[in-house]
Novice: 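Pasting in a structure now, in structure tokens, and then I'll have a few things to ask.
Note on naming: letters A, B, ... go to the chains in the order of the sequence lines (proteins, then strands), and numbering restarts at 1 for each one.
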Number of protein chains: 2
Amino acid sequence: MDNRQKVTIKDVAREAGCGIATASRVLNKSGPASPEVRARVETAAQDLGFSFSALGRALQGGRSMTIGCLVPSLANPVFAEAVQGVQETLAGTGYQLLIASSNYDGEADNEAIATLAAKEVDGLIVTMVAPERSAALKQARQRGLPVSLMFHDPIDGFLTAHVDNFEAAREVARRFADLGHRQTAFLALRFSTSDRSRNRYAGFHAGCRARGMPDPALIELGEAEANTPELLAAILAAHQGLTAIFASNDFLAIAVQKAARLMGKSVPRDLSVVGFDGIEIGRLLDVPLATIETAPDAMGRQAAQTLLDMMQGNPGVQRPPLPFDFRAGATLAPPRTKSRDDDQVRPRPPSVHSLKTDLKQG
Amino acid sequence: MDNRQKVTIKDVAREAGCGIATASRVLNKSGPASPEVRARVETAAQDLGFSFSALGRALQGGRSMTIGCLVPSLANPVFAEAVQGVQETLAGTGYQLLIASSNYDGEADNEAIATLAAKEVDGLIVTMVAPERSAALKQARQRGLPVSLMFHDPIDGFLTAHVDNFEAAREVARRFADLGHRQTAFLALRFSTSDRSRNRYAGFHAGCRARGMPDPALIELGEAEANTPELLAAILAAHQGLTAIFASNDFLAIAVQKAARLMGKSVPRDLSVVGFDGIEIGRLLDVPLATIETAPDAMGRQAAQTLLDMMQGNPGVQRPPLPFDFRAGATLAPPRTKSRDDDQVRPRPPSVHSLKTDLKQG
DNA sequence: TACCCGCGTGGAAACGTTTCCACATGAGTA
DNA sequence: TACTCATGTGGAAACGTTTCCACGCGGGTA
């Protein structure tokens with residue numbers, strides 16, 4: 001039952017009654033051959049159900065036609081979409097994708113890179129915890145492996161497909177300021193293992209400073225709190241007086257809304273929430289999420305394109321950051337004017353608004 | 001600059017002053033060697049920065065330690081999570097994942113399988129348009145390649161990790177019936193290219209019949225309508241009198257809510273919505289989505305485990321469907337009691353209900 | 001007639017492994 | 001002393017390709 005025998009080009013040559021070299025030339029259309037031999041080889045290949053072994057080819061040719069890709073996790077739609085973008089760009093080029101994921105573990109990161117390199121990939125597309133400090137990555141590059149980064153802000157000596165996290169986060173601060181918010185917080189998961197989160201915080205922080213707002217609170221969450229609205233609510237409750245929260249990704253921002261609801265707060269009346277990433281679903285929500293909209297698939301496509309360029313021998317050039325869009329959504333509003341009565345809303349006096357506007361323009 | 005020379009075991013042997021065979025034995029700990037030679041080889045390998053080429057190994061050993069995985073798209077979180085599950089199970093086994101995606105194209109499906117097979121993968125984990133009709137898949141299996149399916153309902157001769165789509169959908173019909181719904185619809189994207197959608201519809205249909213409800217309307221959407229709430233609203237508006245919608249996936253269900261809102265309908269008061277899949281985010285929504293909760297990552301893990309078993313020579317056995325859970329959420333309620341006032345529906349005379357029931361039973 | 005050239009063809013090396021086999025060397029036994 | 005045996009070692013084949021090179025053979029020119 002187990003018909004495990006492989007059909008090799010040798011078999012085809014024997015069947016066609018010619019030499020291996022000739023068979024190879026015919027099947028690859030890579031050299032001369034008389035019409036008769038050509039025909040014999042082709043029918044032989046057909047009959048035997050021959051197909052080339054990529055292994056033998058790779059070993060001989062020095063190119064595996066495989067490119068390695070490392071991302072933290074495919075469970076995060078942002079990375080999954082990016083990988084999908086990579087796939088789309090690679091489709092039709094003959095390259096296949098060898099995928100590894102590290103679960104945000106810097107150790108696993110390094111191992112994965114080493115394994116991919118051992119598999120003789122022709123290039124690497126990578127998002128990892130700390131590319132600038134990865135020995136394996138450095139070694140891979142020294143061996144001449146082209147490397148293309150995704151999501152990372154530019155690092156000396158690497159090309160990367162990214163958005164300007166700092167600038168985007170500063171934009172959020174500006175929006176908050178324009179609306180009159182002062183007490184804000186930045187919410188992040190895995191802050192320590194993500195340069196993206198750190199850069200977003202830095203930009204947000206700088207933006208707040210620039211507008212004369214108090215420094216934002218930095219709230220770092222564990223996996224558990226992020227997935228359990230009750231826990232998240234408890235944490236948020238500990239921070240008094242917040243009127244606006246900037247979450248490091250959309251997933252978190254949606255969780256915040258849920259938590260706010262548990263706390264009896266209304267979004268955006270009592271609390272404004274802005275996310276980051278612009279995942280598809282955010283737009284379809286009943287109350288569309290305000291967020292920095294980026295295009296993870298575009299990032300994947302750019303990273304793949306850059307890698308293709310490098311593999312063709314071009315030195316490659318760092319492209320400018322991909323554009324982001326501030327999507328207003330419906331989770332962002334001016335803070336409630338703190339009034340005497342109970343903790344319910346009341347319309348802001350128009351004067352306040354104009355005042356702020358003037359301030360902004362001055 | 002381009003230090004592209006590879007360090008092979010030959011180099012190590014020369015540096016250590018011994019034969020290739022000995023070097024191989026030492027580095028693999030696969031045979032005897034005197035302590036001195038052992039030491040010389042190890043330091044030589046260290047100094048030269050040697051690492052094995054998986055290519056040479058695969059060619060010689062007949063096993064590539066790579067398994068191929070084909071899914072329709074990584075942009076769909078359901079598949080992305082499944083692949084992540086596969087990764088998790090494979091981690092530590094030494095196997096790497098070669099990924100392909102087909103964009104729901106049956107043609108691309110076949111090509112991808114062929115390419116993966118050419119790369120000499122040791123096994124295949126597959127979700128495709130029509131596995132039972134794929135020539136490439138059949139051929140791969142005839143060559144002795146173990147194949148493990150994901151998401152597909154059982155197909156003759158294949159092992160699959162799946163949920164019972166039919167049964168789950170019937171459960172939805174039951175819930176609708178219990179609440180008193182009668183006019184329902186089934187909403188699907190790519191109905192024709194997905195056996196899952198078709199089975200869900202079949203189960204839903206059967207469930208409705210069994211409870212004496214009218215047959216559900218079948219609404220098939222294009223990509224554009226699914227992503228544009230306005231278009232979706234228009235389509236829904238064309239179907240008068242619907243009180244409950246069963247969407248073939250959560251993404252669609254969320255879009256329906258948005259569309260309902262555009263139509264001035266409130267969920268679940270005017271319209272109940274139930275999804276399928278149980279993606280993470282659905283639970284965090286302000287109004288949690290009612291859905292059939294499945295575990296895509298568990299599906300990936302089971303498929304991977306099955307494949308590992310098969311690769312170890314076990315014949316492998318079809319496991320029972322993975323469990324699903326009906327999550328009530330907050331988008332499901334009894335239909336509104338139809339009152340006189342505005343242009344809303346009006347109660348059907350009870351007689352009709354009994355009539356249908358009688359019809360079915362007769 | 002002798003020579004050259006182009007063309008179709010096949011042998012063989014190379015890619016990096018693993019592993020079978022044979023060869024030494026030394027110790028132990030008869 | 002002569003034999004066996006275990007042990008460490010290296011040569012070489014094999015895995016499936018591609019490609020360099022050489023060879024034979026025909027037709028053209030000198």
Side-chain angles (χ1 to χ4, degrees), chain A residues 4-42 44-45 48-66 94 115 117-122 143-144, chain B residues 4-42 44-45 48-66 94 115 117-122 143-144:
Chain A
R4 212 176 257 280
Q5 62 222 354
K6 312 193 187 266
V7 182
T8 79
I9 200 171
K10 222 176 261 183
D11 300 319
V12 175
R14 186 164 11 85
E15 179 85 1
C18 69
I20 303 178
T22 307
S24 172
R25 273 189 298 257
V26 169
L27 295 172
N28 288 306
K29 308 188 199 316
S30 64
S34 68
E36 319 143 21
V37 175
R38 187 175 299 279
R40 284 214 310 275
V41 169
E42 266 157 5
L48 271 51
F50 169 78
S51 82
F52 281 112
S53 158
L55 238 49
R57 274 188 162 168
L59 186 57
Q60 141 69 26
R63 301 197 323 161
S64 65
M65 296 307 281
T66 302
T115 314
K119 284 259 160 108
E120 227 108 318
V121 294
D122 294 335
R143 286 201 211 158
Chain B
R4 211 176 256 279
Q5 62 223 353
K6 311 194 187 267
V7 182
T8 79
I9 200 171
K10 223 177 260 184
D11 300 319
V12 174
R14 187 166 6 88
E15 178 85 1
C18 69
I20 303 179
T22 306
S24 172
R25 274 189 298 257
V26 169
L27 294 172
N28 287 306
K29 307 189 199 316
S30 65
S34 69
E36 317 144 20
V37 175
R38 188 174 299 278
R40 284 213 311 274
V41 169
E42 267 157 4
L48 270 53
F50 169 78
S51 82
F52 281 111
S53 157
L55 239 49
R57 276 189 160 166
L59 186 56
Q60 141 70 25
R63 301 198 323 161
S64 65
M65 295 307 282
T66 302
T115 316
K119 286 260 160 110
E120 226 108 318
V121 294
D122 295 334
R143 287 201 211 159

Novice: Does a nitrogen or oxygen in the side chain of S53(B) sit under 4.0 Å from OP1 or OP2 of dC15(C)?
Specialist: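 False: S53(B) side-chain N/O out of range (4.0 Å or more) of dC15(C) OP1/OP2.
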Novice: Mind calculating the distance between CZ (R14(B)) and P (dG11(D)) to the nearest angstrom?
Specialist: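 R14(B) atom CZ is separated from dG11(D) atom P by 13 Å.
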Novice: In terms of the nearest nucleotide of DNA chain D, which residue is placed more toward the 5' end: Q60(B) or V37(B)?
Specialist: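 Here V37(B) is the residue nearer the 5' end.
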Novice: L59(B) or S30(B): which one's nearest nucleotide on DNA chain C is closer to the 5' end?
Specialist: L59(B)
Novice: Give, for atom CE of M65(A) and atom CZ of R57(A), the distance between the pair rounded to the nearest 0.5 Å.
Specialist: 9.5 Å
Novice: On the side chain of R25(B), is there an atom forming a donor-acceptor pair with the base of dG10(D) - under 3.5 Å, no angle test?
Specialist: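 When only heavy-atom distances are counted, R25(B) does reach the base of dG10(D) through a donor-acceptor pair under 3.5 Å.
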Novice: Using only heavy-atom distances, determine whether the side chains of E120(B) and S64(B) contain a donor-acceptor pair under 3.5 Å.
Specialist: no
Novice: How many whole angstroms separate atom CD1 of I9(B) from atom C1' of dT19(C)?
Specialist: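 In whole Å, dT19(C) C1' lies 12 Å from I9(B) CD1.
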Novice: Rounding to an integer number of Å, can you tell me how far L55(A) CG sits from dT17(C) P?
Specialist: 13 Å
Novice: Quick one: on DNA chain C, does G56(B) or R38(A) contact a more 5' nucleotide (nearest heavy atom)?
Specialist: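 Between the two, 5'-proximity favours R38(A).
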Novice: Roughly how many Å is it from CD1 in I20(B) to C1' in dT19(C), rounded to a whole number?
Specialist: 13 Å
Novice: What is the distance from NZ of K10(A) to P of dA13(C), rounded to the nearest Å?
Specialist: 14 Å
Novice: Measuring to OP1 and OP2 of dC7(C), would you say a side-chain N or O of S34(A) lies under 4.0 angstrom away?
Specialist: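 So the side chain of S34(A) is outside the cut-off, no N or O lying under 4.0 Å from OP1 or OP2 of dC7(C).
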Novice: Rounded to whole Å, how long is the line connecting atom CZ of R57(B) with atom C1' of dC15(C)?
Specialist: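 To the nearest whole Å, that distance equals 16 Å.
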Novice: Measure from the side chain of A21(A), starting at C-beta and using heavy atoms only, and say which of dA12(C), dA12(D), dG8(D) lies closest.
Specialist: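 So the side chain of A21(A) is nearest to dA12(C).
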Novice: Quick check: on DNA chain D, is the nucleotide nearest S24(A) upstream (toward 5') of the one nearest T22(B), or the reverse? Name the residue that is more 5'.
Specialist: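 The residue mapped nearer the 5' terminus is T22(B).
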Novice: Determine the contact category for A33(A): base if any of its heavy atoms lies under 4.0 Å from a base atom, sugar-phosphate if only primed atoms, P, OP1 or OP2 are that close, otherwise nothing.
Specialist: sugar-phosphate
Novice: Distance check, rounded to the nearest 0.5 Å: I9(A) atom CD1 versus R14(A) atom CZ?
Specialist: 12.5 Å
Novice: Is there a donor in the side chain of K6(A) and an acceptor in the side chain of S53(A), or the other way round, less than 3.5 Å apart?
Specialist: no
Novice: Just the rounded figure in Å: distance from C1' of dT18(C) to CZ of F52(B).
Specialist: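 Distance check: F52(B) CZ to dT18(C) C1' gives 9 Å.
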Novice: When all nucleic acid strands are considered with a 4.0 Å heavy-atom cut-off, which category describes S64(B): base, sugar-phosphate, or nothing?
Specialist: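 No contact.
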Novice: Nearest 0.5 Å, what's the CG-CZ distance between L27(B) and F52(B)?
Specialist: 4.5 Å
Novice: Just how far, in rounded Å, is P of dT18(C) from CG of L27(B)?
Specialist: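 Computing the L27(B):CG to dT18(C):P distance gives 8 Å.
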